[in-house]
Amino acid sequence: MNKELWEQWSACHDAPDQQKRLSSAKTAACTPIELDRDAGTGTFSGSSGTHSASLDMCSCIDFNRRRLPCKHMYRLAMELGLIEASFKTDASAIVQPRPRSQIEKIEHTVEVIESLADYQQYLLLEIIRKITTKNPTVGLEVTPDVLALLNTGLLEQSDDVATAIQKSRKDELVMLATSFGCENAKKMKKPELVDFLISNHFDDLKGKVLGYASVRQSPHVKYGKVRMYLHRKFDSELCEDGEGNLFSVPMLQSELPHDDVTALLIQYGYYHPQ
């Protein structure tokens, strides 16, 4: 999977601008502070904060301006063995993996989930389904329900300002650009506004309250089991009768596996095994 993702950039590496970024990626200053080899992602520290990178995107300003691999993506490819190159590492910059004792137990996480309204829980399920290795962040309109999820710690707001800007409405971008002194903001098209804001005010935007926020998973949460819990609670499955007709049955009315997730559904009174 990682190899396939990286191969999409094969035609651009020899360009002079790309070679500069490849050289920068080899320096100790470009050491990832966190690296997930299984997911194919890395976190990097920079002058404008931390950046989340995968093999096909990065939250840094360089990638969002050029839409070509930045130094973070090149370094990630090196760390994953997709580029054969020698590089320097600053061991002091690496964040040690979080101890398993600091990861919330599923029963504690479900207790937090059950403090939310059902529609907020279902919103959490929809957001979790959108977050993937390829897309580690999701741009969302800032609503009271999204803020509730962020306040519980079930999701985190990321520093991916670019995603939030690109998701914003044009009138919101016009107001932002105008506040930064852009006199022609009303005449600019949305892609031009996005480029202006990201190119010139990337750091300033981090302190702004935007209509959209970029969210990511929290390192404290076991999302596999959270997704399973919410899936069984809210979803249905297709069944077939004796005549070949399909019909939908809520999962809570079907036979569920005997595991810790089902035990929690029983505990909260949602599932009653036959």
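The line from NZ of Lys3 to CG of Leu82 is 8.5 Å long, rounded to the nearest 0.5 Å. Between the CZ atom of Phe247 and the CD atom of Glu237 there is a distance of 9.0 Å, given to the nearest 0.5 Å. The line from NZ of Lys26 to CD1 of Ile83 is 8.5 Å long, rounded to the nearest 0.5 Å. Taking CG from Leu22 and CZ from Phe87, the interatomic distance works out to 11.5 Å, rounded to the nearest 0.5 Å. Distance check: Ile127 CD1 to Leu154 CG gives 10.0 Å after rounding to the nearest 0.5 Å. Atom CD1 of Ile128 sits about 7.0 Å away from atom CD of Gln217, to the nearest 0.5 Å.
In terms of heavy-atom proximity, Thr27 sits nearest to Arg75 at O-NH1, 2.9 Å.
Counting non-hydrogen atoms of neighbouring residues, nucleotides and ligands closer than 6.0 angstrom, the CG atom of Asp14 reaches no more than 12 such neighbours. Heavy-atom contacts from other residues, nucleotides or ligands closer than 6.0 Å to CD of Glu111 number 12 or fewer. Around atom NZ of Lys233, more than 12 heavy atoms belonging to other residues, nucleotides or ligands sit under 6.0 Å away. Around NZ of Lys130, the count of heavy atoms belonging to other residues, nucleotides or ligands within 6.0 Å does not exceed 12. Dense packing is recorded around NZ of Lys190, with more than 12 heavy atoms of other residues, nucleotides or ligands lying under 6.0 Å away.
Between Arg129 and Asp235 there is a salt bridge, with a side-chain nitrogen of the basic residue lying less than 4.0 Å from a carboxylate oxygen of the acidic one. The pair Glu192-Lys189 fails the salt-bridge criterion, with no side-chain N (NZ, NE, NH1 or NH2) lying under 4.0 Å from an Asp/Glu carboxylate O.
Judged as a ring pair (Phe, Tyr, Trp, His ring centres under 6.0 Å), and not counting sequence neighbours, the contacts of Tyr74 are Trp6, His13.
Hydrophobic cluster membership differs between Leu265 and Val249, with clusters built from Ile, Leu, Val, Met, Phe, Trp and Tyr side chains linked at under 4.5 angstrom.
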Given side-chain contact (heavy atoms from CB on, under 4.5 Å), test Arg66 with Gln18 step by step and report yes or no. CA-CA 11 Å; Arg66 302 169 61 251; Gln18 295 307 114; 2.3 Å; yes
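Under the 30°/60° scheme for interplanar angles, the aromatic rings of Tyr270 and Tyr229 are found to stand perpendicular.
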